[in-house]
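Chain A is the first sequence line, chain B the second, and so forth, proteins listed ahead of strands; every chain is numbered from 1.
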Amino acid sequence: MHEAAIAQAVLDTALEALPDKDSRITAITVVAGVLAGVEEECLTAYFNELCKCTAAEGACLRLVIEPAHLICKECDKQTNYAGDGRLALQCSACGGFNRLEGGKALYLDSVEVES
Amino acid sequence: MRVSVRKSILSANDEQAERNKARFKASQLMVINVMASPGAGKTSLIMRLLENIPSELSRGVIEGDVASSIDADRIAAVGVPVTQINTGGACHLDAFMVDRAMDDLKLSGPGYLFIENIGNLICPTDFRLGETANMVVASVPEGDDKPIKYPAIFAQADIIILNKIDLLPLIDFNLQAFSAAVRAVNEEAPIINISCTTGEGIDTAVRWLREKSMGSGVYI
């Protein structure tokens, strides 16, 4: 549900990046960490409505999901956490406890612009 | 033509949160963003904490709810200044809403301001408000696996309160499993077990508030 606010912020940030007022945005790439909690279908649905009558109308929204990392506190073994399945509390190699790092990014990477 | 932007999507909110933070600091307010699922006991906890704040300090509450003023009425009934934000469907508070609520509340310190966020373990995570500390409230009936199922909100907590521990004998809840789950996503935040019904553990939470306020440069 917070995707509505995020879709609006994506649109505002993209429009600010327009080099001139006659150009149009055809594609937007957003990077979201897995812990940012952004649901792609939901974000796209809001974006497709909000972009109407703006210079980004009809733009393709690409969402790149960045994983978080589970790092063993004992042996430093690192595994990716992609948000699916159960978050592993313990290291698969040595059984030590893991800590979770990263996965919090939420930024507009780039826009494709045509004049 | 590809234009590289690399700008935080929530930068407008983050910038407002920074302004809020400066405003809170200038007013000598320690501000606690209280987040939890619906029914975990956010309002009950805030009321318990308010009772234990010395009377020479100012106290205030910003209540966030999708609809109704039920929680704000409870706070107002004990004579504490309160402002209600109704988001009308939105699932989180943002820094702009808090700024407007502060205009209404007109609270100055030294003292404590509690912001009760919308009951939700997902959406409030991304929106900073300018708070001094993030408090996440879990409760025994929700089960001990919540930190694993909603890692992001537990990861950013400065303090985790486990409420309704008076129900432990009745419910299949493993304290050790809860603590291990929290530690996987957050190594530092203290976990304080409390019961708003019996009052157990409230003194520990109040002590944490006082220590945190000193550590944050808010003179209380």
Is it the case that atom [atom1] in [X] sees more than 12 heavy atoms from other parts of the structure closer than 6.0 Å?
X: B:Asp172; atom1: CG; value: no
X: A:Phe97; atom1: CZ; value: no
X: B:Ile70; atom1: CD1; value: no

Is there any residue in [range] with a non-hydrogen atom under 4.5 Å from a non-hydrogen atom of chain B, and which ones are they?
range: residues 15-27 of chain A; value: A:Glu16, A:Ala17, A:Pro19
range: residues 104-115 of chain A; value: A:Lys104, A:Leu106, A:Tyr107, A:Leu108, A:Asp109, A:Ser110, A:Val111, A:Glu112, A:Val113
range: residues 54-62 of chain A; value: none

Exercise. How far apart are the closest heavy atoms of B:Arg128 and B:Ala17, and which atoms are they?
Worked result: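 Heavy atoms only, the tightest pair is O-CB, 3.6 Å.
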Exercise. Which residues from residues 177-189 of chain B are near chain A, with near meaning under 4.5 Å between non-hydrogen atoms?
Worked result: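 Expected list: B:Ala180, B:Ala181, B:Arg183, B:Ala184, B:Val185, B:Glu187.
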For this session: Using a cut-off of under 4.5 Å on heavy-atom pairs, state which of A:Leu70, A:Leu100, A:Val30 scores highest against chain B.
Result: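 It is A:Leu100.
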Exercise. For chain B, which of A:Thr13, A:Val10, A:Leu89, A:Leu35 has the most heavy-atom pairs under 4.5 Å?
Worked result: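 Option with the top pair count is A:Leu89.
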Check for a donor-acceptor pair, side chain of [X] on one end and backbone N or O of [Y] on the other, with a separation under 3.5 Å.
X: B:Asn20; Y: B:Leu129; result: yes
X: B:Lys106; Y: B:Asp103; result: yes
X: B:Ser11; Y: B:Ser8; result: yes
X: B:Arg48; Y: B:Cys196; result: yes
X: B:Asn13; Y: B:Asp94; result: no
X: B:Asn86; Y: B:Ser68; result: yes
X: B:Gln84; Y: B:Glu63; result: yes

Side-chain heavy-atom pair [X], [Y] within 4.5 angstrom cut-off:
X: B:Phe24; Y: B:Thr132; result: no
X: B:Glu131; Y: B:Ile32; result: no
X: B:Lys146; Y: B:Phe154; result: yes
X: A:Asn98; Y: A:Lys77; result: no

Exercise. Looking at B:Ile160, B:Leu49, B:Asp158, which one forms a side chain to side chain contact (heavy atoms under 4.5 Å, CB included) with B:Met135?
Worked result: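 Output: one option passes, namely B:Leu49.
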Exercise. What part of A:Ile6 is in contact with chain B, defined as an atom under 4.5 angstrom from a non-hydrogen atom: side chain, backbone, both or neither?
Worked result: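 Looking at A:Ile6, backbone and side chain both touch chain B.
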Exercise. Do B:Thr43 and B:Glu116 have side-chain N/O donor and acceptor atoms under 3.5 Å apart?
Worked result: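 Result is yes, a qualifying pair exists.
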Exercise. So which part of B:Phe127 gets closer than 4.5 Å to some heavy atom of chain A, the side chain, the backbone, both or neither?
Worked result: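 Side chain of B:Phe127 only, per the 4.5 Å heavy-atom cut-off to chain A.
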For this session: Give the C-alpha distance, both sets of side-chain angles, the deciding distance and a yes or no for side-chain contact (heavy atoms from CB on, under 4.5 Å) between A:Asp76 and A:Ile71.
Result: CA-CA 6 Å; A:Asp76 286 334; A:Ile71 300 161; 4.3 Å; yes
